[in-house]
**Student:** 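Below is one structure. I have some questions about it.
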Amino acid sequence: MTTREELLARIDEAQQALTDAQQALYQFDTDPQNNVFESVEQASEVLEDRLLNEAHDDCEGSYNVGADEYRQEFIVDEKRYVAILEVEYNRHDKTYYYVDGSDFRVEEL
């Protein structure tokens, strides 16, 4: 028979495995070698949406606010670039933040 403590230990292990897998996926997704595009315009479309979604996700829940800036390096024709999203936040009910505005640009490295 399985004890409560054993079940809680298995849950902790599973949660740690999930956290580790999510971190590995994030590192894979943000590696510039895995962000190769045919053009800067194509990269801009994809990465502006991705960075904006990340900012929105970081605001989930009460009292959570995202970073002021999000960056993603990428490659076009073997040249390295960085996509930069600067974010402005606002809040409602004095507890829930949301993205109120943003400025997106691309710089060659």
Side-chain angles (χ1 to χ4, degrees):
M1 178 174 254
T2 304
T3 67
R4 177 175 173 72
E5 290 75 25
E6 290 172 331
L7 292 172
L8 289 172
R10 287 176 48 196
I11 289 171
D12 287 343
E13 289 172 15
Q15 287 174 331
Q16 185 60 51
L18 176 60
T19 298
D20 293 347
Q22 289 171 325
Q23 182 62 31
L25 178 61
Y26 177 79
Q27 289 174 346
F28 180 88
D29 285 344
T30 58
D31 185 335
Q33 298 299 322
N34 298 325
N35 287 279
V36 178
F37 296 92
E38 292 182 20
S39 69
V40 173
E41 293 77 19
Q42 179 193 32
S44 294
E45 289 177 18
V46 170
L47 296 178
E48 183 174 11
D49 285 343
R50 183 187 302 169
L51 296 175
L52 198 52
N53 285 337
E54 189 174 341
H56 282 289
D57 290 346
D58 287 349
C59 290
E60 288 293 318
S62 61
Y63 299 106
N64 291 332
V65 64
D68 292 332
E69 183 178 276
Y70 292 85
R71 293 174 166 257
Q72 173 62 60
E73 290 185 24
F74 65 96
I75 299 170
V76 173
D77 293 330
E78 298 182 21
K79 291 183 184 176
R80 289 177 74 108
Y81 297 85
V82 62
I84 303 166
L85 181 75
E86 294 177 350
V87 184
E88 295 178 24
Y89 298 94
N90 205 335
R91 65 183 179 174
H92 55 86
D93 297 336
K94 297 185 181 181
T95 56
Y96 294 96
Y97 288 87
Y98 61 92
V99 174
D100 195 29
S102 63
D103 181 45
F104 180 80
R105 69 182 186 279
V106 171
E107 296 176 359
E108 187 173 348
L109 297 176

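Because the structure is predicted, anything quoted here is derived from the model rather than measured. We number each residue from 1, following the sequence as shown.
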**Student:** With rounding to the nearest 0.5 Å, note down the distance linking CG in Leu51 to CG in Leu85.
**Tutor:**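 Taking CG in Leu51 and CG in Leu85, the distance rounds to 5.5 Å.
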**Student:** Using a 6.0 Å cut-off, check whether atom OH of Tyr98 has over 12 heavy atoms from anything other than its own residue.
**Tutor:**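 More than 12 within 6.0 Å, yes.
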**Student:** At what distance, to the nearest 0.5 angstrom, does CG of Asn34 lie from CD1 of Ile75?
**Tutor:**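 Answer rounded to 0.5 Å: 9.0 Å.
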**Student:** Would a 4.5 Å heavy-atom cut-off, applied to side chains only, mark Gln72 and Thr30 as touching?
**Tutor:**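 The answer is yes, as the side chains (C-beta and beyond) meet within the 4.5 Å cut-off.
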**Student:** Under a 4.5 Å cut-off applied to non-hydrogen side-chain atoms, are Glu45 and Phe37 in contact?
**Tutor:**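 No - every pair of side-chain heavy atoms lies 4.5 Å or more apart.
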**Student:** To the nearest 0.5 Å, what is the distance between CD1 on Ile84 and CD on Glu48?
**Tutor:**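 The CD atom of Glu48 is 12.5 Å from CD1 of Ile84, to the nearest 0.5 Å.
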**Student:** Do Val76 and Val46 sit in the same hydrophobic cluster, where Ile, Leu, Val, Met, Phe, Trp and Tyr count as joined when their side-chain heavy atoms come under 4.5 Å apart?
**Tutor:**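 In one cluster: yes.
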**Student:** Kindly say whether Ala67 contributes a backbone atom to a donor-acceptor pair with the side chain of Tyr89 at under 3.5 angstrom?
**Tutor:**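 Yes.
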**Student:** State the OG1-CD distance between Thr19 and Gln16, to the nearest 0.5 angstrom.
**Tutor:**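 Output value for this atom pair is 5.5 Å.
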**Student:** Taking the side chain as every heavy atom from C-beta outward, state whether Leu47 and Asn35 have any atom pair closer than 4.5 Å.
**Tutor:**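 A side-chain contact exists here, since the closest heavy-atom pair is under 4.5 Å.
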**Student:** Do Phe104 and Tyr70 share a hydrophobic cluster, counting only Ile, Leu, Val, Met, Phe, Trp and Tyr and linking them when any side-chain heavy atoms are less than 4.5 Å apart?
**Tutor:**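 Yes; Tyr70 is reachable from Phe104 via cluster members.
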**Student:** Quick one: are Phe74 and Pro32 in side-chain contact, heavy atoms under 4.5 Å?
**Tutor:**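 No; the side chains remain at least 4.5 Å from each other.
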**Student:** How far does NZ of Lys79 sit from CD of Glu108, to the nearest 0.5 angstrom?
**Tutor:**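 If I round to the nearest 0.5 Å, the distance is 5.0 Å.
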**Student:** Does any non-hydrogen side-chain atom of Thr95 lie less than 4.5 Å from one of Tyr63?
**Tutor:**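 A side-chain contact under 4.5 Å exists here.
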**Student:** List the atom of Val106, the atom of Ser44, and the distance in Å for their closest heavy-atom pair.
**Tutor:**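 Heavy atoms only, the tightest pair is CG2-OG, 3.4 Å.
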**Student:** Identify the two heavy atoms, one from Gly66 and one from Cys59, that lie closest to each other, and give their separation to 0.1 Å.
**Tutor:**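 Distance-wise, the nearest heavy atoms are N-SG, 3.8 Å.
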**Student:** At what distance, to the nearest 0.5 angstrom, does CZ of Phe28 lie from CD of Gln33?
**Tutor:**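 Spacing of CZ (Phe28) from CD (Gln33) equals 11.0 Å.
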**Student:** Could you tell me if the side chain of Tyr97 sits less than 4.5 Å from the side chain of Asn64, heavy atoms only?
**Tutor:**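 A side-chain contact under 4.5 Å is absent here.
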**Student:** Verify the neighbour count for atom CD of Glu107: are there more than 12 heavy atoms of other residues, nucleotides or ligands below 6.0 Å?
**Tutor:**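 Counting neighbours around CD of Glu107, more than 12 heavy atoms of other residues, nucleotides or ligands fall under 6.0 Å, so yes.
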**Student:** Determine whether a donor-acceptor pair (N or O, by modelled atom type, separation under 3.5 Å) exists between the side chain of Asp31 and the backbone of Gln27.
**Tutor:**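 No, Asp31 side chain to Gln27 backbone: no donor-acceptor pair under 3.5 Å.
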**Student:** Are Val99 and Tyr96 in one and the same hydrophobic cluster, where Ile, Leu, Val, Met, Phe, Trp and Tyr link if side-chain heavy atoms are under 4.5 Å apart?
**Tutor:**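 Per the 4.5 Å side-chain linkage, Val99 and Tyr96 are not co-clustered.
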**Student:** Does CZ belonging to Arg10 count more than 12 external heavy atoms closer than 6.0 Å?
**Tutor:**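 No.
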**Student:** Quick check on Glu69: does its CD atom have over 12 non-hydrogen neighbours (other residues, nucleotides or ligands) under 6.0 Å away?
**Tutor:**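 Check passes, neighbour count above 12.
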**Student:** Does a sphere of radius 6.0 Å around CG in Asp29 hold more than 12 heavy atoms from other residues, nucleotides or ligands, not counting ones at 6.0 Å or beyond?
**Tutor:**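 Atom CG in Asp29 is packed in, count exceeds 12.
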